[in-house]
Amino acid sequence: MTQTQATEESQAMPELPEVETTCRGIAPHVIGKKIRSVEVRQPQLRWPVSTELAQLLPAQKFTAVTRRGKYLLLHCKPGTLMIHLGMSGSLRIVETRNPPSYHDHVDIAFSNGSVLRYTDPRRFGCMLWISGDPLAHKLLRSLGPEPLGEDFHDDYLWQKSRNRKIPIKAFIMDSKVVVGVGNIYANEALFLAGINPRRAAGRVSRERYHALSVAIRQVLAKAIKAGGTTLRDFTNSDGQPGYFKQSLHVYGRASQPCQQCKTPLKEIRMGGRSTVYCVQCQK
DNA sequence: CAGCGCCCCTGCCCGC
DNA sequence: TGCGGGCAGGGGCGCT
């Protein structure tokens with residue numbers, strides 16, 4: 001991996017497309033492979049990593065790798081390993097002999113000599129063991145629909161937003177409304193739909209919710225498709241996040257001219273998050 | 001319930 | 001050049 005790629009990757013926040021790419025990327029390397037050992041070098045993530053993993057997982061095989069929102073679910077017979085990548089986390093397949101670096105917090109080693117390695121400099125991620133139905137877990141049971149699923153559409157958003165006074169941006173970033181819409185894609189989708197991020201969710205018309213639902217699907221699907229092109233090199237960890245593959249219209253472009261009307265883009269902070277929009281094109 | 005602000009943590013950037 | 005302070009950011013959680 002070149003220095004340039006390492007730098008870009010360290011800045012990459014795992015949004016839903018990156019999590020989906022990770023899900024697809026690790027699946028063939030971990031499903032059906034016998035687990036030999038688990039090493040937790042740094043258990044202090046968002047919540048402590050259970051030391052029981054080292055006893056529970058060896059001799060097991062992951063039977064499936066699925067995703068719910070930005071949570072990755074590695075299923076095996078006695079339970080499910082739930083992983084969130086937080087802001088700076090990543091999962092890679094490496095060789096056993098590959099020595100861990102400072103931020104490589106967890107290794108799950110397989111009998112074939114490969115290792116599933118969890119890396120997370122900022123440690124906002126988590127790795128939790130769930131025995132029983134993972135979808136009934138506290139962190140998953142109240143989540144809204146998947147943005148690329150059939151339950152997510154304009155009528156759903158419109159119904160859900162009645163009498164809501166919170167800004168539309170906060171509304172679509174609320175995981176109880178819809179999962180996986182992070183700050184970058186919320187900014188982008190609102191620009192594409194022509195909606196001011198501060199507009200109250202309850203004051204967005206049905207027609208504009210149609211445009212918004214289409215925009216959300218579009219930016220996420222496009223990024224996942226872009227991520228898919230790097231899948232074959234997943235183990236070499238040279239994949240770049242999907243949003244580098246598509247032009248960002250507003251995110252990170254504060255004070256630069258709007259690509260539609262040339263008006264300088266405005267940046268405000270909403271809930272502590274950078275919010276960039278065009279005062280002319282987004283009402 | 002709805003809405004809002006805090007906080008976990010480190011890398012990066014800026015100013016002196 | 002080196003160092004310290006400020007800040008960003010996902011999202012659960014506690015408080016109003």
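In what follows, chains carry the letters A, B, and so on, assigned in the order in which the sequence lines appear, proteins first and then strands, with residues in each chain numbered from 1.
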Give me the distances for all protein-to-nucleotides 5-9 of chain C N/O pairs that come in under 3.5 Å?
| from | atom 1 | to | atom 2 | distance (Å) |
| --- | --- | --- | --- | --- |
| dG9(C) | OP1 | Tyr251(A) | OH | 3.3 |
| dG9(C) | OP2 | Arg269(A) | NH2 | 3.1 |
| dG9(C) | OP2 | Ser274(A) | N | 3.0 |
| dG9(C) | N2 | Arg122(A) | NH1 | 3.3 |

Does any residue of residues 154-171 of chain A have a heavy atom under 4.0 Å from DNA chain B, and if so, which ones, in number order?
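Only Arg164(A), Lys165(A), Ile166(A) qualify.
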
Does a side-chain N or O from [X] land closer than 4.0 Å to OP1 or OP2 of [N], or not?
{"X": "His103(A)", "N": "dC9(B)", "answer": "no"}
{"X": "Lys138(A)", "N": "dC13(C)", "answer": "yes"}
{"X": "His84(A)", "N": "dG11(C)", "answer": "yes"}
{"X": "Tyr102(A)", "N": "dG11(B)", "answer": "no"}

Does a side-chain N-to-carboxylate-O contact under 4.0 Å join Arg67(A) and Glu146(A)?
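Yes, charged N to carboxylate O under 4.0 Å.
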
Do Asp104(A) and Arg92(A) sit within salt-bridge range, that is, some charged N less than 4.0 Å from a carboxylate O?
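No salt bridge links Asp104(A) with Arg92(A).
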
What is the distance, rounded to the nearest whole Å, between atom CE of Met173(A) and atom P of dG3(B)?
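Taking CE of Met173(A) and P of dG3(B), I get 16 Å after rounding.
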
Spacing of Arg141(A) atom CZ relative to dG12(C) atom P, expressed in whole Å
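Computing the Arg141(A):CZ to dG12(C):P distance gives 12 Å.
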
Select from Gly271(A) and Lys176(A) the residue whose nearest nucleotide in DNA chain B is closer to the 5' end of that strand.
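Nearer the 5' end of the strand: Lys176(A).
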
Give me the bend of the helix from dA2(B)-dT16(C) to dC16(B)-dG2(C), using the axes of the five pairs at each end, rounded to 10°.
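That helix gives 50° between its end axes.
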
Decide whether Tyr156(A) and Asp154(A) meet the rule of one side-chain donor and one side-chain acceptor closer than 3.5 Å.
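No - no donor-acceptor pair under 3.5 Å links their side chains.
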
Using the test side-chain hydrogen bond (donor to acceptor under 3.5 Å, both in side chains), find all partners of Ser111(A) that sit at least two apart in sequence or belong to another chain.
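For Ser111(A) there are no side-chain hydrogen bond (donor to acceptor under 3.5 Å, both in side chains) partners, ignoring immediate neighbours.
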
Please table the atom pairs, donor to acceptor, closer than 3.5 Å between any side-chain atom in residues 164-173 of chain A and protein atoms at least two apart or in another chain.
| from | atom 1 | to | atom 2 | distance (Å) |
| --- | --- | --- | --- | --- |
| Lys169(A) | NZ | Asn183(A) | OD1 | 2.7 |
| Lys169(A) | NZ | Thr275(A) | OG1 | 2.9 |

Show the atom names and distances, to 0.1 Å, of all donor-acceptor pairs under 3.5 Å that link a side chain in residues 126-143 of chain A to residues at least two apart or in another chain.
| from | atom 1 | to | atom 2 | distance (Å) |
| --- | --- | --- | --- | --- |
| Asp133(A) | OD1 | Leu135(A) | N | 3.0 |
| His137(A) | ND1 | Leu139(A) | N | 3.0 |

